[in-house]
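One structure is given below, encoded as structure tokens.
Ligands are counted one by one from 1 in listed order, and the atoms in each one are counted from 1 as well.
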Amino acid sequence: MFGEEAGRRRVTLTFDNGPTPGITDKVLDVLAAHRAPATFFVVGTQLQQPGGLDLARRAAAEGHRIGHHTATHTLQLGAAEDPEGAVAAEIAAIEYDIDMLAGINEAESERLFRPNAAGGVLDKHVFSPQAVRYLQQHRYTCALWNCLPRDWENTETWVDHALADVARTNWSVVVLHDLDTGAMDRLPAFLGGLAAIDVEIVPDFPDSCLPIRHGQLQHSLSHLTNGDG
Ligand SMILES: [Zn+2]
């Protein structure tokens with residue numbers, strides 16, 4: 001839809017590891033106030049918490065995208081002793097639920113997946129060859145990132161890190177976490193900072209962050225995959 005070159009600077013907002021009752025609600029309020037679209041990469045165990053599913057439904061109903069961010073977020077696909085079992089347990093197990101949630105947003109039918117990269121580290125534990133094959137066969141689009149302000153550690157200063165990244169990048173995909181760390185209290189400051197430097201907040205992703213698109217391998221994943229990929 002968009003090229004990555006030229007034009008106004010863009011930002012894609014993503015919120016991982018939720019939904020979290022008491023936090024995601026506030027994030028949705030802030031996004032609505034700023035008319036900012038986002039993608040929520042949800043975790044199965046979070047959806048199962050009381051109120052979790054309702055929050056994800058609300059996000060979809062308000063026009064945000066819902067992506068799959070594993071069933072339990074406890075195991076890295078490329079570190080599993082039983083890679084096929086990990087694909088079944090961490091991806092396939094909640095696929096139907098995520099499809100239902102994402103389907104609420106009728107304008108968008110693309111299946112989004114984001115792997116669990118422990119501490120945000122993109123290394124060979126992120127994928128297994130079995131997981132890559134599964135994502136291709138099931139026509140996933142795999143959405144990585146290029147801006148990780150580590151909001152879970154830098155609960156106050158992540159805003160400055162993220163704004164500095166955005167200022168030097170044509171199209172930033174920012175990873176935040178709708179978790180109870182206190183970091184989301186600074187979301188209004190971040191969105192205000194983006195408005196001040198005239199950045200367009202968009203719902204889609206730059207090609208450089210999509211190694212798999214609609215099941216088609218776009219870039220080599222060998223650096224993120226154990227074994228031969
Ligand atoms: Zn995560």
Salt bridge or not between R213 and D207? Use side-chain N to carboxylate O under 4.0 Å.
yes

Looking at the Zn ion (ligand 1), is there an N, O or S atom belonging to T70 that lies under 2.8 Å away from it?
no

Have a look at H69 and say which of its N, O or S atoms is nearest the Zn ion (ligand 1).
NE2

So, 2.8 Å as the limit: is an N/O/S atom of H73 located closer than that to the Zn ion (ligand 1)?
yes

Run K26 and D185 through salt bridge (charged side-chain N to carboxylate O under 4.0 Å, His left out) and show every step you take.
CA-CA 9 Å; K26 289 183 197 155; D185 293 344; 5.2 Å; no

Determine, for R58 against D29, whether the closest basic-nitrogen to carboxylate-oxygen distance falls under 4.0 angstrom.
yes

Hey, mind stepping through T24 and D178 against side chain to side chain donor-acceptor pair (under 3.5 Å) and telling me if it holds?
CA-CA 6 Å; T24 307; D178 47 337; 2.8 Å; yes

